[in-house]
Amino acid sequence: MAEGSFQYITLSASLPHLGALFSNADLPMSRFRLEERLSMLEDEDRRLLDRVTHVTSWPGVDGCDTDAEVVARFDAACRSLEAHPDLAAVVRERLETRMLVAALRLRRDGAADPAPVAAWGRMAIARAIRTNWSEPTFGLGRARPWLRAAQALCAAGDHIGLERAVLTEVYRQIDRAADDHQFDFE
């Protein structure tokens, strides 16, 4: 076992179990303690983690002027994760979730056609949205069951409920990805 493996085992074992999203009244760990633990990462892995957290957080795309810029940032992050395909899949899934929520909001705000979605590139999710614009869940309700609730919350103008539903789904996505990774970087 490589020397770095032990530090990742130590890091993984030192992180608290988070439990279900929205179930804890208190944070299980302070940001200071988290940063202290993350200092165990190799420099290259820390840079990758920073890049992933930057692009998947709202402030990370806040400076983008167009949807195409957001997609380009996600694409660049995924290219930097070639050695970590499972992590790249998490990043792509996060982008797809954002695209779906953005499309729901566009339609709710009166967009009669999916013209703005053209800037989102040729990803399968963007094609599905364009092709199935008039369907409540863009024809993806079976593959993405959370989208039905998100569509209803968005249509009702329940912004907090929508954000809660989206965050719950993102948390599930991360949980599914983590199932196969116990003591490695991912």
Side-chain angles (χ1 to χ4, degrees), residues 18 20-22 48-181 185-186:
L18 297 178
L21 186 61
F22 303 117
L48 280 173
L49 177 63
D50 288 345
R51 184 167 203 165
V52 166
T53 55
H54 181 74
V55 76
T56 57
S57 68
W58 285 116
V61 295
D62 192 34
C64 295
D65 292 326
T66 66
D67 292 338
E69 285 180 65
V70 173
V71 173
R73 283 195 188 175
F74 271 89
D75 285 343
C78 286
R79 281 193 306 276
S80 71
L81 294 168
E82 285 179 353
H84 306 283
D86 291 341
L87 190 54
V90 169
V91 172
R92 275 192 298 281
E93 194 169 25
R94 182 70 178 107
L95 173 61
E96 290 175 356
T97 300
R98 280 192 174 182
M99 287 176 157
L100 288 165
V101 172
L104 288 173
R105 288 179 173 149
L106 275 170
R107 196 172 51 201
R108 177 206 62 209
D109 293 345
D113 63 56
V117 179
W120 298 352
R122 295 179 298 189
M123 292 178 65
I125 201 82
R127 281 193 306 274
I129 292 168
R130 287 190 300 265
T131 303
N132 302 297
W133 182 253
S134 61
E135 293 185 29
T137 59
F138 311 109
L140 298 168
R142 293 189 96 147
R144 297 168 188 258
W146 66 270
L147 196 51
R148 291 177 205 270
Q151 186 277 329
L153 292 164
C154 186
D158 185 352
H159 307 294
I160 293 172
L162 175 60
E163 192 65 20
R164 188 179 190 95
V166 171
L167 289 174
T168 300
E169 174 56 22
V170 168
Y171 203 79
R172 276 192 213 114
Q173 292 168 1
I174 292 168
D175 261 359
R176 279 192 306 270
D179 283 344
D180 296 329
H181 298 277
F185 171 63
E186 286 84 359

Which distance, rounded to the nearest 0.5 Å, do you find between the [atom1] of [X] and the [atom2] of [Y]?
{"X": "I160", "Y": "R164", "atom1": "CD1", "atom2": "CZ", "value": "9.5 Å"}
{"X": "R73", "Y": "H54", "atom1": "CZ", "atom2": "NE2", "value": "5.0 Å"}
{"X": "R92", "Y": "D75", "atom1": "CZ", "atom2": "CG", "value": "9.0 Å"}
{"X": "L48", "Y": "L81", "atom1": "CG", "atom2": "CG", "value": "5.5 Å"}

Which residues share a side chain to side chain donor-acceptor pair (under 3.5 Å) with [X], sequence neighbours left out:
{"X": "D50", "result": "R46"}
{"X": "R172", "result": "E169"}
{"X": "T97", "result": "Q173"}

Please list, one pair per line, the donor and acceptor atoms closer than 3.5 Å that link side chains of residues 136-155 to other protein atoms, with sequence neighbours excluded.
| unit_1 | atom_1 | unit_2 | atom_2 | d |
| --- | --- | --- | --- | --- |
| T137 | OG1 | G141 | N | 3.1 |
| R144 | NH2 | E96 | OE1 | 2.7 |

**Study point:** G161 backbone acceptor or donor facing D158 side chain under 3.5 Å
**Key:**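 Judged by distance alone, yes, a pair lies under 3.5 Å.
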
Review point. I129 and W120: side-chain contact (heavy atoms from CB on, under 4.5 Å), yes or no, with the steps?
Key: CA-CA 10 Å; I129 292 168; W120 298 352; 3.8 Å; yes

State, yes or no, whether a side-chain contact exists between [X] and [Y] at a heavy-atom distance under 4.5 Å.
{"X": "T53", "Y": "L49", "answer": "yes"}
{"X": "R105", "Y": "V101", "answer": "yes"}
{"X": "L106", "Y": "W133", "answer": "yes"}
{"X": "I174", "Y": "V170", "answer": "yes"}

Review point. For residues 107-119, which residue pairs qualify under salt bridge (charged side-chain N to carboxylate O under 4.0 Å, His left out), counting only residues two or more places apart or in two chains?
Key: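 Counting only pairs at least two positions apart or across chains, no salt bridge (charged side-chain N to carboxylate O under 4.0 Å, His left out) contact touches residues 107-119.
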
Nearest heavy atoms of [X] and [Y], plus distance in Å:
{"X": "V117", "Y": "R130", "answer": "O-NH1, 3.4 Å"}
{"X": "A77", "Y": "R51", "answer": "CA-NE, 3.9 Å"}
{"X": "C78", "Y": "A88", "answer": "SG-O, 3.7 Å"}

Review point. How would you list, by chain and number, every residue that makes a side-chain contact (heavy atoms from CB on, under 4.5 Å) with R98, sequence neighbours excluded?
Key: W58, V61, F74, R94

